[in-house]
Structure formats: C-alpha cells, structure tokens
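Following: one structure in structure tokens, then a few remarks.
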Amino acid sequence: MNVHVDIPSIKPLIGDKLANWLATPRPMLIDGKWTPAQSGKTFAVYDPATGEKIADVAEGDAADIELAVRAARKAFESGPWPSMTPSQRGRLIHKLGDLVLEHADELATLEAIDNGKPKHVARAADVTLSADMFHYMSGWPTKIEGKTIPISALAAPGNQFFSATRPEPVGVVGQIIPWNFPLLMAAWKLGPALATGCTIVLKVAEETPLSALRLGELILEAGIPPGVVNIVTGFGETAGAALAAHPDVDKIAFTGSTEVGRLIVKAAAGNLKKVSLELGGKSPNIILADADLDLAIQGATAAVFFNHGQCCNAGSRLFVHRSIFDRVVEGIAAEAAKIKLGHGLDSATDMGPLVSQVQYDRVTNLLASGHNEGARAVCGGTGVGGKGYFVRPTIFTNTNPSMRVVSEEIFGPVLVASPFDEVNCALVAEANNSIYGLAAGIWSNNTAKAQALANRLRAGTVWVNCYHVFDAALPFGGYKQSGWGREMGQAVLSNYLETKAITTRLPV
Ligand code: NAI
Ligand code: MG
C-alpha cells in the first residue's frame, strides 16, 4: 500500500476556463438568474486532498430558500413549464443529459477537486450515470399514465359513471443531497422531479457545491424554464432546515445521515409535506463456500472500498464461509495493498481522501474504537496523516456484533469480516442484524441457493455475484432505517406524483 501521498498543484491541471470559473464567488440559481446570498455572505470550498481553498460560493440561508421557493411556486403555477406537452418536457430533460456528456471532462474535474474522488472514476461512474439518469427519465413524461376504473357505487338505472385516474405532479419539491456523489445525487433527484412536471429547490451539500452549480448552467442551456430548478448552496442547519420546514414546499426528498433524516421528518410535519428518504447502511456481503473466489475477492474489495467507502450501500460487513475465510481475507488485504492513494487529478490514483476533516475525524475515531474494543486490523487501521484526509483501506477481523465498527455506519474504507459455518437461520439473522436495510451482496456458484438467500435478506437491493451495479431503470432504496421510498426506475415517480380520481356522470 502506498501511504505516501503526492499532491500535485491543481491550477495547471484544471485548465484556464475552469480556473477562471472558480476564481469568482459562485452565486446560486434562483428564478433562472445567478444570484448572490441575500446576506451577501459566501463560504469557502476546499480540496480535501490538500485542505486548500479552491472556491467561494454563496452562503444561502432561510431568506434565499424563501426566494427560491417563491420562484419554484411561480414556475409551477404559471409560465411555460406547466403548459408544456410531456413530449416537450422530455426533450428538455434529454438535452440536459446530452449536455452532461458534452461537459463530462469538466464535471469530472470538479468532482475530483471538490469531493476528492479520482477523476477517471468520476468520469466513468458519476458523470455517465448522471447523464443516463436524465436520458432514462426523459422517456417518462410521455408514459406516465392513469387508468380507467369500472365503479359499482350508486349503480342504478340512470346512473352511469366514467372514472379515471390522472397522475399529477406533487408540486414544489425540496431536495437535499449529500457530498459523496455530488453530481449523481443531483441527477437522481432532479431527473424524476422534472419528468413528473414538478418544480424544484435543490439544496446541495456544503462540502461539495461545485458540480451542481455547473449543472445549473447546463440546465439553463438546455432550455429548462426559469424557476423550474433553483439551486441553493448553504449549510444544513440553516438553508436545509428552512427548506425542510417551508410551508409552501409540497414534498421533501432527502439523502444523507439517518440522524438528519429524522430531523427532516419532524420538520416536514408542520405542513405534512410528503417525504422520501435515502439514508445510511451497513450492508452485509456474504461469500459462500462454493463462490468463484477470484471474483468474490475482487467484488468484496470494490464493495467496501469504492468511493473510499463513502457509499450508503458499501458492503461493509463481510461474512465468509469458514473454509475459505483466511484465503478471502488475505486476498482482499492483497487487493487493498495495491490501492494507490492520491490526488483525484492524478490518473494513477485509485483512492482519494475522505471528503472533509469532519469525516476524517469521524472515521479515524471509529478505527480507534475498533482497536480499543479488541478487533484485529489485518491491514490499514489508521489515517495517513499529513496533508489531506486520507485513510488507509482497513480490514478488521476478530469482531463481534457489539463493537461500534460492526454496528455503526463508518462511511470510510473499513471492512469488518467474520466467518460463518452454515447458510442457516443464524447467518440470515446475523446479516439482518442491523438498524439498516439498504443493500446486500451474495457470492455463490449455486444461483438457486443464492436466490433463496437473497429472498431472506431485509434489504432494498441484493446483488448476486456482483456489487454496486446501479442503473437508472432499477429502483434503489432502503428497508428499515435506511429510508422511505425508492430512487430511480419507475418506482421513483410515485415520490413525485399525486393521483387524482375523476368521476363523471354520463348522460343516459
Ligand atoms: P448530513 O445528513 O448532515 O448531510 C446531508 C445533507 O443534509 C447536506 O446537504 C446537509 O447540508 C443537509 N443537512 C444537514 N443538517 C440538516 C438539517 N438539520 N436540516 C436539513 N438539512 C440538513 O450528513 P453528513 O453530516 O455530511 O455526514 C454524516 C454521516 O451521514 C456520514 O458519516 C454518513 O454515515 C452519513 N451519510 C450518508 C449518506 C448517504 O448517501 N446515505 C451521504 C452522506 C452522509
Ligand atoms: Mg451533518
């Protein structure tokens, strides 16, 4: 494992255009105009690989949320958006997907310097999946259909009715997103809200506001009318809380910590706005004795270390059949040793830093708790130290369910591994022994057996002989305290739709 981290100077690597864009404080998108905060305040954005400031952005708060919500309301009630045909709306969303691809390099660069992830990964995963999301969603406006329903009530000679349902947009939508996939989370949220005809106030994470602001420029370039998408940069306790509590917001969609998810639910109670939540995870990854070991080792490595472990669906609890336990753990440790830590703009980098000092402290404190509670670090086990928020990929064995590293979401490159003897109720209970239920992995050459096990896992996604396979068409979301509702696929549309039943008496 390379623990020495070379940090290049970013200026020559990002190009003049982006350097100029970053040189002036970035305003917010409100009612189609680039707008500074009402307070005039800005806050700094940092490169997590160096801890150095890379830009300033507007510090939006309740006053800016107010303006953004008013703009979204106006755009929902009047103007071109509500009178557009579904086909016109779909074409605009498709255009946005095209523009994301056209600007892929620039967007990937922003993700690398703002979030810390390798640019080549951001290009292949975050940017591609964001464009896919818009392209996929662009097909829905013309396909969101109601039903005709035969009714029996009041049936009598002379009483005849025609009943039908009409799905309608829920209205003004507040969306609050995290920093682990800044552009992709914006796309996951905006795509379905646009497809259903809603208008939006998007509050991006304070750690990583840049790519969404650039996306805002592309939203205008695509021709999406003013006020349909408003983007506010600011902190959770101020801007985020004001959005969640706002009485004229019809629905709030949140991705982030389970703790803040609870605050969102409370804040939403004021006007009983609809709520969808995508929260934490502590997902089990189970390797059966008959698995293809090379595939399983590679897969289990990626399951936990992809995006530096900063994935809500990270496969962070590994269960391996005792007969192959040592080989698998050694195999993953050998893979971890090959992971090159570095700056996201260095093409040789496999893993960047964690996103912030706060996350570094959180993850290294959890690592310390693992050591103190008696877990054995097979590899890693510490932060790198020095510049940037780098943490070494870590595998803990000798764990038990009462340890914090086993029960808590770590959101860093940390795996806990334990052996099992049989695929039985005890294994299923252990895999399901979490307040979360977001995802799970199973590795086996006996697909029927894997399928049977998949059915018993309390998780919104189960991957068999693969992991982290996301697609705009596949619903994603959590059981238990991992959330409410689903992102993506046809399933997400219901988060943004109301159903109106219209009954008409027919002349006889
Ligand atoms: P967070 O839940 O505080 O932040 C996520 C978003 O919520 C940000 O936009 C933030 O500004 C906003 N927010 C924070 N407080 C708010 C409030 N009172 N009202 C409205 N919005 C608010 O997550 P944070 O602090 O960045 O990370 C803490 C932990 O959360 C991580 O260690 C990880 O375990 C988990 N997390 C889970 C994510 C997921 O994808 N499910 C993503 C990010 C974090
Ligand atoms: Mg927080």
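Sequence positions, counted from 1, serve as the residue numbers for this chain. Whatever order the structure lists ligands and atoms in, that order sets their numbers, starting from 1.
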Quiz item: Closer than 4.0 angstrom: is that true for some heavy atom of Trp179 and an atom of ligand 1?
Solution: yes
Quiz item: Any idea which of Val355, Val260, Val358 brings a heavy atom closest to atom 16 (C) of ligand 1?
Solution: Val260
Quiz prompt | Six-ring centre of Tyr436, Lys480 cation under 6.0 angstrom, axis tolerance 45° | solution = no
Exercise. Report yes if some heavy atom in the side chain of Phe43 is under 4.5 Å from a heavy atom in the side chain of Asp56; otherwise report no.
Key: no
Self-check item: Sole candidate of Lys274, Lys273, Arg73 that passes side-chain hydrogen bond (donor to acceptor under 3.5 Å, both in side chains) when paired with Asp250
Solution: Arg73
Practice problem: State whether the shortest distance between N or O atoms of Phe235 and N or O atoms of ligand 1 falls below 3.5 angstrom. | Solution: no
Practice problem: With atom 29 (C) of ligand 1 as the reference point, say which of Ser356, Gly240, Ser257 has the nearest heavy atom. | Solution: Ser257
Practice problem: Report the part of Gln310 in contact with ligand 1, treating N, CA, C, O as backbone and CB onward as side chain, heavy atoms under 4.0 Å; options are side chain, backbone, both, neither. | Solution: neither
Quiz item: What protein heavy atom is closest to atom 12 (C) of ligand 1, reported as residue, atom name and distance in Å?
Solution: Ile176 CG2, 3.6 Å
Practice problem: Starting from the C-alpha separation in whole Å, work towards a yes-or-no answer on side-chain contact (heavy atoms from CB on, under 4.5 Å) for Arg317 and Ser418. | Solution: CA-CA 8 Å; Arg317 289 185 299 141; Ser418 56; over 6 Å; no
Quiz item: Short N/O distance, under 3.5 Å, between Glu237 and ligand 1?
Solution: no
Practice problem: State whether the shortest distance between N or O atoms of Glu206 and N or O atoms of ligand 1 falls below 3.5 angstrom. | Solution: yes
Quiz item: What protein heavy atom sits nearest atom 17 (C) of ligand 1, and how far away is it?
Solution: Gly236 O, 3.4 Å
Self-check item: Side chains of Asn307 and His468, donor plus acceptor under 3.5 Å
Solution: no
Self-check item: atom 42 (C) of ligand 1 - nearest protein heavy atom and its distance
Solution: Pro178 CB, 3.3 Å
Quiz item: Can a donor-acceptor pair be found between the side chains of Arg392 and Thr394 at a distance below 3.5 Å?
Solution: no
Quiz item: Taking atom types as modelled and ignoring hydrogens, do the side chains of Lys74 and Thr199 form a donor-acceptor contact shorter than 3.5 angstrom?
Solution: no
Exercise. Below 4.0 angstrom from a heavy atom of Ala241, which ligand 1 atoms are there? Numbered from 1 as shown, please.
Key: 19 (N), 20 (C)
Quiz prompt | Contact bool for atom 4 (O) of ligand 1 (protein heavy atom, d < 4.0 Å) | solution = no
Practice problem: Measure the distance from atom 39 (C) of ligand 1 to every protein heavy atom, then report the residue, atom name and distance (to 0.1 Å) of the closest one. | Solution: Cys312 CB, 3.5 Å
Exercise. Would you indicate whether the side-chain heavy atoms of Val384 and Val391 approach each other to under 4.5 Å?
Key: no
Self-check item: Location of contacts on Ile177 toward ligand 1, heavy atoms closer than 4.0 Å
Solution: backbone
Quiz item: Between Thr258 and Gln481, does any side-chain donor sit less than 3.5 Å from a side-chain acceptor?
Solution: no
Practice problem: Using only heavy-atom distances, determine whether the side chains of Asp114 and Trp179 contain a donor-acceptor pair under 3.5 Å. | Solution: no
Self-check item: Atom indices of ligand 1 within 4.0 angstrom of Ile264 heavy atoms, with elements
Solution: 20 (C)
Quiz item: Does any N/O atom on Ala244 come nearer than 3.5 Å to any N/O atom on ligand 1?
Solution: no
Practice problem: Record the part of Leu279 in heavy-atom contact with ligand 1 below 4.0 Å; permitted values are side chain, backbone, both and neither. | Solution: backbone
Exercise. Just need the protein heavy atom nearest to atom 35 (C) of ligand 1, so name the residue and atom and give the distance.
Key: Glu409 OE1, 3.5 Å
Practice problem: Would you check if there is a donor-acceptor pair between the side chains of His246 and Glu66 at a distance under 3.5 Å? | Solution: yes
Quiz item: Going by atom types only, do Lys282 and Ser434 share a side-chain donor-acceptor pair under 3.5 Å?
Solution: no
Exercise. Report the nearest protein non-hydrogen atom to atom 44 (C) of ligand 1: residue, atom name, distance rounded to 0.1 Å.
Key: Phe411 CE2, 3.8 Å
Exercise. Could you tell me the residue and atom name of the protein heavy atom closest to atom 18 (N) of ligand 1, and the distance to it rounded to 0.1 Å?
Key: Leu263 CD1, 3.6 Å
Quiz item: When you measure from atom 31 (C) of ligand 1 to every protein heavy atom, which one gives the shortest distance, and what is it?
Solution: Gln359 NE2, 3.7 Å
Exercise. Number the atoms of ligand 1 from 1 as they appear, then name those within less than 4.0 Å of a heavy atom of Phe254, with their elements.
Key: 2 (O), 6 (C), 7 (O)
Quiz prompt | Between Trp188 and Gln175: side-chain donor-acceptor atoms closer than 3.5 Å | solution = no
